[in-house]
There are 2 protein chains.
Amino acid sequence: MPLNPVSRIRRFNRAVTTETGVLDQSFLGRGRPLGAARVLNAIGPAGRAVSDIRAFLDLDTGLLSRLLRSLEDEGLIDVAEDRKDKRRRFAVLTPEGHREYEAYEALSNDRAQALLDRHPHPEQLLAAMDLIASALGRDRIEIVEMDPDSPTAFHCLESYYAELATRLSAGYDPAKAARAGSEDMRPPRGQFLVALSDGLPSGCVGLKGTDKGYAEIKRLWVAPSARGLGLAKRLMSEVENHAREMGITTLRLDTNSALPEAAGLYQRLEWSEIDRFNDDPYPDLFFEKRV
Amino acid sequence: MPLNPVSRIRRFNRAVTTETGVLDQSFLGRGRPLGAARVLNAIGPAGRAVSDIRAFLDLDTGLLSRLLRSLEDEGLIDVAEDRKDKRRRFAVLTPEGHREYEAYEALSNDRAQALLDRHPHPEQLLAAMDLIASALGRDRIEIVEMDPDSPTAFHCLESYYAELATRLSAGYDPAKAARAGSEDMRPPRGQFLVALSDGLPSGCVGLKGTDKGYAEIKRLWVAPSARGLGLAKRLMSEVENHAREMGITTLRLDTNSALPEAAGLYQRLEWSEIDRFNDDPYPDLFFEKRV
DNA sequence: AAACTTACCTGACTAAAGTCAGGAAAAATA
DNA sequence: TATTTTTCCTGACTTTAGTCAGGTAAGTTT
């Protein structure tokens with residue numbers, strides 16, 4: 001008989017557990033227990049504060065202390081005291097530690113690459129993985145402020161434009177839309193927020209300062225793999241809070257009726273529909289909110 | 001910057017590892033080490049041969065022996081000797097063991113259900129999981145003979161008809177197609193094979209015996225989540241081998257030009273295109289192969 | 001300045017997992 | 001029938017992981 005949904009999830013779990021088990025085995029092949037390998041990995045090329053490693057790997061202070069000592073004895077890391085706070089210690093990789101770190105990276109990367117290479121539709125596989133990783137890590141999505149000209153922000157905006165182009169019947173050409181200068185979405189006039197789900201850019205929103213007595217919300221976008229997790233709502237509430245802190249009292253935004261989920265969201269968040277307030281060719285719906 | 005493919009896979013691995021770690025923690029909550037819980041799980045309601053458990057969990061004989069003993073001491077299992085081969089032993093759950101097994105099942109199932117419940121598009125999530133599980137478990141797909149009237153075979157056929165209906169421009173109505181009686185796809189006249197990827201029906205093919213001096217290949221189907229893994233080729237080669245063993249020398253099949261990947265496969269497998277040999281309304285391409 | 005908190009270390013444990021050698025009984029093979 | 005192989009057991013380990021109770025030095029708070 002066909003499998004029911006719960007069985008399908010458990011089949012997935014089995015497949016993935018087997019896969020990670022194999023990777024762990026290959027990690028053990030480097031002659032070091034998994035715990036030590038994990039610590040080496042957590043330190044990484046940039047080095048890391050010991051307290052940070054402890055929080056990240058959820059290790060007991062005694063256990064981590066000993067693992068660090070064993071890595072130090074192997075000549076893979078150096079642990080020195082932090083200059084600012086002499087209680088704290090900071091671990092960095094030695095050149096040899098760097099090589100060892102790269103070897104572990106290579107094991108993981110090769111396995112990932114092999115999986116990609118042998119799959120007929122790598123893009124489909126990756127999309128499926130993004131979807132699942134977002135679903136599992138929903139509460140671990142963090143929202144960070146970024147420069148609107150940073151590569152990550154740029155990636156979000158590209159994805160946003162690409163989506164508009166497919167969803168608006170008239171298509172979408174960013175060059176024809178009213179330009180929102182990066183300057184206006186950067187402190188002190190505005191803000192640009194990006195949602196990162198364990199490093200993957202999964203959404204964004206911009207707060208654009210104007211000289212017209214209100215600020216605008218621009219470029220709200222959520223990646224397909226992260227939809228339905230309430231991320232748009234989180235982004236909006238963050239940006240509204242920030243506007244409030246900046247002393248802004250009126251917010252406006254425009255959107256298009258071809259994006260019904262967006263309009264629905266604004267209504268749920270108690271935005272009021274208002275008349276057209278600009279002559280941008282793409283939007284046909286306009287909202288305002290007092291914060 | 002946007003993540004590259006390998007980073008996306010590794011992000012997925014991290015998310016999934018965290019998730020399974022949480023499940024393991026909840027397993028520990030039942031006051032038994034993970035090793036013992038895993039053995040209990042491997043035994044299952046139907047019981048299992050000890051050598052089988054050992055191979056499945058890849059455990060040392062001494063270790064497994066002790067884990068079995070501890071479960072026995074807890075009153076959860078009985079280990080008795082196999083009647084046919086007195087060296088071997090067979091483990092079964094006691095009534096109490098059954099309850100404990102179900103408790104572990106409930107933990108897993110509840111977690112799976114919670115994941116489903118909180119996801120906005122459960123069907124999408126499940127499809128993504130099927131895809132990944134198939135990609136990871138590609139060499140673990142097994143092909144088994146089944147009765148063409150069994151529920152699993154029925155599920156495959158339903159999926160096959162549904163797909164034909166969407167892909168053929170004229171649609172597809174199984175009632176109008178030439179009936180292949182189950183009798184003809186069952187030994188001794190024929191055969192029906194199903195591909196199971198860790199329990200999930202992922203493909204099928206039928207060998208239909210006729211009285212016309214040849215046998216027919218029917219209903220070759222591969223689930224979307226398992227495409228590109230070479231499964232169709234495996235199914236075809238199995239069924240051709242079986243036909244050869246049955247003393248059949250000529251095989252025929254029909255297909256439709258709206259399914260180009262099927263026709264391509266037959267050509268690669270050295271089938272020759274022949275003239276129409278039946279008056280079924282749906283096919284427009286006909287092949288033959290001597291085995 | 002005293003009291004508290006934080007970050008880290010050490011020593012002394014325990015539990016779990018895993019390895020290895022040897023051995024008995026049963027089955028398969030020569 | 002003799003030999004080899006398979007299946008499982010036991011005892012004696014080691015390694016890894018993890019816990020807990022001090023203890024010291026450096027910051028922070030009162």
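Note that this is a predicted model, so its numbers are computed, not measured. Naming convention: chains lettered A, B, ... in sequence-line order (proteins, then strands); numbering from 1 in each chain.
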Using residues 106-114 of chain B as the side-chain source, report each donor-acceptor pair under 3.5 Å to any protein atom, sequence neighbours left out, with the distance given to one decimal.
residue: Asn109(B); atom: OD1; partner: Arg10(A); partner atom: NH1; Å: 2.9
residue: Asn109(B); atom: ND2; partner: Glu105(B); partner atom: O; Å: 3.4
residue: Arg111(B); atom: NE; partner: Glu19(B); partner atom: OE2; Å: 3.0
residue: Gln113(B); atom: NE2; partner: Asp117(B); partner atom: OD1; Å: 3.0

Whole Å only: how far is the [atom1] atom of [X] from the [atom2] atom of [N]?
| X | N | atom1 | atom2 | result |
| --- | --- | --- | --- | --- |
| Asp52(B) | dT6(D) | CG | P | 17 Å |
| Lys84(A) | dA25(D) | NZ | P | 25 Å |
| Asp82(B) | dT6(D) | CG | P | 17 Å |
| Leu28(A) | dT15(D) | CG | P | 15 Å |
| Leu34(A) | dT15(D) | CG | C1' | 13 Å |
| Leu57(B) | dA17(C) | CG | P | 12 Å |
| Leu67(A) | dT10(C) | CG | P | 13 Å |
| Arg32(B) | dA17(C) | CZ | C1' | 17 Å |

Under 4.0 Å between any heavy atoms, over every strand shown, what does [X] touch: base, sugar-phosphate, or nothing? Just pick one.
| X | value |
| --- | --- |
| Thr61(B) | base |
| Leu64(A) | nothing |
| Asp85(A) | sugar-phosphate |

Reckon [X] has a side-chain N or O less than 4.0 Å from the OP1 or OP2 of [N]?
| X | N | result |
| --- | --- | --- |
| Arg69(B) | dT10(D) | yes |
| Arg88(A) | dA25(D) | no |
| Arg89(B) | dT7(D) | no |

Next on the checklist: Checking Ser65(B) against Arg54(B): is there a side-chain donor and acceptor pair closer than 3.5 Å?
Outcome noted: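 Looking only at side-chain atoms, Ser65(B) and Arg54(B) do not form any donor-acceptor pair under 3.5 Å.
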The side chain of [X] lies closest to which of these nucleotides: [options]?
| X | options | result |
| --- | --- | --- |
| Arg87(A) | dT5(D), dT6(C), dG18(C) | dT6(C) |
| Ser51(A) | dA26(C), dA7(C), dC9(C) | dA7(C) |
| Pro33(A) | dT19(C), dG27(D), dT16(D) | dT16(D) |

Next on the checklist: Any carboxylate oxygen within less than 4.0 angstrom of a Lys/Arg side-chain nitrogen, looking at Glu72(A) and Arg69(A)?
Outcome noted: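 The answer is yes: the pair qualifies as a salt bridge.
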Item to check | Sole candidate of Arg89(A), Arg87(A), Arg83(A) that passes salt bridge (charged side-chain N to carboxylate O under 4.0 Å, His left out) when paired with Asp85(A) | outcome: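 By the salt bridge (charged side-chain N to carboxylate O under 4.0 Å, His left out) criterion, Asp85(A) pairs with just one of Arg89(A), Arg87(A), Arg83(A): Arg87(A).
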Next on the checklist: So if I apply the salt bridge (charged side-chain N to carboxylate O under 4.0 Å, His left out) rule between Arg30(A) and each of Glu102(A), Glu100(A), Glu74(A), which one comes out positive?
Outcome noted: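 Single salt bridge (charged side-chain N to carboxylate O under 4.0 Å, His left out) partner of Arg30(A) among Glu102(A), Glu100(A), Glu74(A): Glu100(A).
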Checklist entry - Of Asp60(A) and Arg66(B), whose closest DNA chain D nucleotide lies nearer the 5' terminus? => result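 That would be Arg66(B).
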